[in-house]
Every structure is written in C-alpha cells, then in structure tokens.
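Keep in mind that this is a model prediction, so the values were computed, not measured. In what follows, chains carry the letters A, B, and so on, assigned in the order in which the sequence lines appear, proteins first and then strands, with residues in each chain numbered from 1.
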Amino acid sequence: MKLDKHFYAAPTLTVARSLLGQVLVRRSPQGDRAGIIVETEAYTKNDPACHASRGKTRRNASMFGPAGTAYVYFIYGMHYCFNVVTAEEGIGEAVLIRALEPIAGISLMEESRRTKDVKLLCSGPARLCQALDITTIEDGINLAGETIYILAGSQPKSSVAAARIGISAGQSLPYRFYLADNKFISKK
DNA sequence: CCGAGGATCATCT
DNA sequence: GATGATCCTCGGT
C-alpha cells in the first residue's frame, strides 16, 4: 500500500523515524528499482542546517510545497540528494533519505553505480540517487504519482537517533535516524 | 582500517 | 568568490 499525504503531513521528526522500514520505489522505462529505507535525517523549521531556514529560493522552492512532494537538489558539483517534504505546507521541512537496503532492480542499480558491491549501491544520499537515477528532473514531483513513491513495509523496527552527518550548523540535534544493526547505513 | 585531499558547479554573498 | 545535507582515491599504519 502506497504511503499517502496523511503519512507525510505528520510532524517531521515523526515522519523521519517512521519512514524507516518502508520501501522506496523508483519506476522508469528501463524497469523498477526499490529498497528498504534504513537511514533518514530530519530538517526542520528553525534548524540552521535546513535549506529552508533562510527563506524560499529557486533551489529550495519544493520544500515549501505540500507534504509528499519530492525535494531533490544538486550539491558538490556532482551529486544529488533526495528528500520528502513533510508537515504543514509552506513551513519548509523535509526528510533526507540517506540509505536504502536494495531489494529490487539490483542489476539496474549496479549499472548506474558502476559497481557490483551491494553495500555501495544505496548506502549514502548521493549513492542512492545515482542507483535509482534520481536527479533534479524529479524535483517537485508528487510522491502520490507513479514515478517515485513509498510503500508501507514492515512494522517499525528498533531505531537509533544520532547527530546528522556532513553539516556544520545544528550538529547537536539528534535528527538522524537509522535501523539498529542494519548493514546498509551510510556510516557508523 | 583511517584520514586527507580533490573533483566540480549551482547557488548565494 | 566561497561554500556545500558527498563520494572516491590514495597513501600511511
């Protein structure tokens, strides 16, 4: 069953944690790919690390759309990161998907990533975008559609909260969530 | 195993 | 002109 706006419109920290164990699906003409979400990070209002914290710009405009919108941005001159817009429309909060456990379309992922090491396919925000062929073309799409969506997976498993990775501001906030003992998280 | 450094460019100052 | 929600490679231990 596909997750709907009701799920995404919940408080951002709640969504970040409850996305763990759900299944991200990417459909394309080449075939379908999917993975279990095993690691997320929340970015909230009044959070200095949040792209929306300094107001709406061309880049972060999708963050201010309705819950269940995809926010995809380009970073470091070569990488993309995929987020799900959460909470109330207009406040600019989202959840970054940081790692997946691949479960379908693995040969397509291997081709896109140019590696056959399954642990390197989707363990990292930019890696999973490359594996699923997600770029800024997908920025702003609605996850209620048929291109990218999330299926309800298993019941919530034991999860861990920790500091986020790769940010300079807001390091003290425990807004990173991951499944305990999962082998596909991006970092220990 | 681990850390340092480079790649590479859209966005914002 | 500097920076960044990253990743890869290389060299040292």
Side-chain angles (χ1 to χ4, degrees), chain A residues 8 11-20 24 26 33 35 37-65 67 69-87 91-102 109-141 143 148 150 159-179 182-188:
Chain A
Y8 299 120
T12 300
L13 294 173
T14 302
V15 178
R17 199 185 273 278
S18 48
L19 276 173
L20 298 173
L24 179 64
R26 162 59 157 155
R33 314 175 208 199
I37 298 171
V38 300
E39 179 180 348
T40 63
E41 281 180 1
Y43 287 86
T44 65
K45 190 174 67 170
N46 301 327
D47 164 11
C50 180
H51 285 177
S53 65
R54 300 186 194 206
K56 188 173 175 177
T57 65
R58 181 186 229 79
R59 178 210 214 188
N60 67 21
S62 315
M63 290 189 84
F64 294 86
T69 298
Y71 167 48
V72 184
Y73 65 88
F74 183 64
I75 188 78
Y76 295 119
M78 61 182 81
H79 296 305
Y80 298 94
C81 292
F82 172 78
N83 301 250
V84 177
V85 177
T86 53
I91 65 173
E93 301 197 346
V95 172
L96 171 71
I97 307 300
R98 285 196 55 91
L100 305 175
E101 177 174 339
M109 294 182 189
E110 290 172 344
E111 205 174 315
S112 297
R113 288 276 302 130
R114 295 184 190 171
T115 176
K116 294 219 169 195
D117 185 342
V118 69
K119 283 193 174 179
L120 294 180
L121 291 181
C122 298
S123 297
R127 287 174 178 159
L128 73 89
C129 281
Q130 190 179 14
L132 301 191
D133 189 26
I134 294 172
T135 68
T136 45
I137 292 172
E138 283 72 41
D139 182 44
I141 67 169
L143 301 182
I148 301 173
I150 302 176
S159 59
V160 180
R164 293 172 294 182
I165 294 180
I167 54 170
S168 49
Q171 286 172 322
S172 63
L173 300 170
Y175 286 180
R176 175 183 179 226
F177 303 96
Y178 56 91
L179 290 179
N182 186 278
K183 297 168 188 168
F184 295 90
I185 62 175
S186 63
K187 288 190 182 180
K188 295 182 180 177

If you only use heavy atoms from C-beta on, which nucleotide in [options] is closest to the side chain of [X]?
X       : options              : value
A/His79 : C/dT6, C/dC8, C/dA5  : C/dT6
A/Met63 : C/dA5, C/dT6, C/dG4  : C/dA5
A/Cys81 : C/dT6, B/dT8, B/dT11 : C/dT6
A/Met78 : C/dC7, C/dA5, B/dT8  : B/dT8

>> Between A/Thr40 and A/Arg176, is there a side-chain heavy-atom distance shorter than 4.5 Å?
In response: no
> With a 4.5 Å limit on heavy-atom distance, are the side chains of A/Arg127 and A/Leu121 in contact?
Replying inline: no
> Aromatic ring centroids of A/Phe82 and A/Tyr80 under 6.0 Å?
Replying inline: no
Using whole Å, what does the distance between atom [atom2] of nucleotide [N] and atom [atom1] of [X] come to?
X        : N      : atom1 : atom2 : value
A/Arg59  : C/dG4  : CZ    : P     : 11 Å
A/Phe177 : C/dA5  : CZ    : P     : 19 Å
A/Ile167 : C/dG4  : CD1   : P     : 11 Å
A/Phe74  : C/dT6  : CZ    : P     : 14 Å
A/Tyr80  : B/dC9  : OH    : C1'   : 10 Å
A/Ile137 : B/dA10 : CD1   : P     : 14 Å
A/Leu120 : C/dT6  : CG    : P     : 16 Å
A/Tyr76  : C/dT6  : OH    : P     : 5 Å

>> Taking 4.0 Å as the cut-off, does a side-chain nitrogen or oxygen of A/Arg127 come that near to OP1 or OP2 on C/dA5?
In response: no
>> With a 4.0 Å cutoff (strictly under), does any side-chain N or O of A/Arg58 reach OP1 or OP2 of B/dC12?
In response: no
>> What's the separation between atom CG in A/Leu96 and atom CG in A/Asn83, rounded to the nearest 0.5 Å?
In response: 5.0 Å
> In Å, rounded to the nearest 0.5 Å, how long is the span from CG of A/Leu24 to CG of A/Leu128?
Replying inline: 7.5 Å
Using a 4.0 Å heavy-atom cut-off across all strands, classify [X] as base, sugar-phosphate, or nothing.
X        : value
A/Arg114 : nothing
A/Thr57  : sugar-phosphate
A/Leu96  : base

>> Between A/Lys45 and A/Glu93, does any side-chain N to carboxylate O distance fall below 4.0 Å?
In response: no
> Is any NZ, NE, NH1 or NH2 atom of the basic residue among A/Glu39 and A/Lys187 found under 4.0 Å from an Asp or Glu carboxylate oxygen of the other?
Replying inline: no
>> If only side-chain N and O atoms count, and only distance matters, is there a donor-acceptor pair under 3.5 Å linking A/Ser112 with A/Arg33?
In response: yes
> Do A/Asp139 and A/Ser62 have side-chain N/O donor and acceptor atoms under 3.5 Å apart?
Replying inline: yes
>> Between the base of C/dA5 and the side chain of A/Tyr73, is there a donor and acceptor pair under 3.5 angstrom?
In response: yes
>> My understanding is that only residues two or more places apart in sequence, or in another chain, count here; which of them pass salt bridge (charged side-chain N to carboxylate O under 4.0 Å, His left out) with A/Glu101?
In response: none
> Hey, can you pull the residues of residues 43-55 of chain A with a non-hydrogen atom under 4.0 angstrom from DNA chain C?
Replying inline: A/Tyr43, A/Ala49, A/His51
> Just the dot-bracket of DNA chain B, please: which string comes out with Watson-Crick or G-U pairs under 3.5 Å, [ ] for crossing, | for another strand?
Replying inline: |||||||.||||.
